[in-house]
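Numbering of residues begins at 1 and proceeds along the displayed sequence.
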Amino acid sequence: MKQLQPREAYAYLQQNPEALFIDCRSEMEYLFVGHPVGAIHVAWNDGPDWEVNPHFVADVKKLAGNGLERPVVVICRSGQRSLAAGEALEAAGFTEVVNVVHGFEGELDEQHHRSSRSGWRHDGLPWEQS
């Protein structure tokens, strides 16, 4: 699996317009915290129980048109859930999976705030809120 910083992932998406861009955070994060422009929401896990979504891989396969060679870029809050989701996609046969390192909000700073050190929003990349 490729590991790309947010700006690198954005450039990758621009160079590979056929790539699927999957935001695997919870529905509430996607809707209320915001999400990258063009990202499709497919939760890796979600509340209230936060169990792994048993339909995640099947949902991404449908979006990919069942073409496992279609590139898939996966993002979450900090890059950890997307790493696990990407590993599941690779295990299912996807041949080109990209994890966005630091995710949408990035790592925590000394005050336990996100988006101040790294991440999609921190880097000023296109995003929106629903």
Same apolar cluster: Val52 and Val74, side chain cutoff 4.5 Å: yes
Within one Ile-Leu-Val-Met-Phe-Trp-Tyr cluster: Leu4 and Leu20, side-chain cutoff 4.5 Å: no
Check: Glu90 side chain, Met1 main-chain N or O, donor-acceptor pair, under 3.5 Å: yes
Side chain to side chain, Val33 and Met28, heavy atoms closer than 4.5 Å: no
Same cluster (ILVMFWY, side-chain, under 4.5 Å), Trp127 and Ile40: no
Leu13-Val101 co-clustered via ILVMFWY side chain contacts under 4.5 Å: no
Glu87 vs Val97 side-chain heavy atoms within contact, under 4.5 Å: no
Same apolar cluster: Trp44 and Val100, side chain cutoff 4.5 Å: no
Distance, nearest 0.5 Å, that separates CZ of Arg7 from NE2 of His122: 7.5 Å
SB check Glu96 Arg70 (cutoff 4.0 Å): no
Mutual orientation of the aromatic rings belonging to Tyr30 and His35 [parallel < 30°, tilted 30-60°, perpendicular > 60°]: parallel
Qualifying residue, where the test is side chain to side chain contact (heavy atoms under 4.5 Å, CB included) with Ile22 and the options are Asp59, Ile75, Leu63, Val73: Leu63
Flag side-chain contact, heavy atom, 4.5 Å: Phe104 against Pro6: no
Distance (rounded to the nearest 0.5 Å) between Gln80 CD and Arg77 CZ: 9.5 Å
Donor-acceptor contact present, side-chain Trp120 to main-chain Gly106, <3.5 Å: no
Short side-chain to backbone donor-acceptor contact, Gln129 and Phe32, under 3.5 Å: yes
CG-OG distance between Asn53 and Ser26, expressed to the nearest 0.5 angstrom: 12.0 Å
Pro36 vs Phe21 side-chain heavy atoms within contact, under 4.5 Å: yes
Phe56 side chain near Leu89 side chain, heavy-atom distance below 4.5 Å: yes
Evaluation steps, side-chain contact (heavy atoms from CB on, under 4.5 Å), between Lys2 and Tyr12: CA-CA 11 Å; Lys2 292 180 184 174; Tyr12 178 90; 3.9 Å; yes
Salt bridge (Lys or Arg N to Asp or Glu O under 4.0 Å) contacts in which one or both residues fall within residues 9-31, not counting sequence neighbours: Asp23-Arg25, Glu29-Arg81
Main-chain N/O of Gln5 paired with Glu8 side-chain donor or acceptor, under 3.5 Å: yes
Atom pair CG (Leu83) and SG (Cys76), whose distance is rounded to the nearest 0.5 Å: 8.5 Å
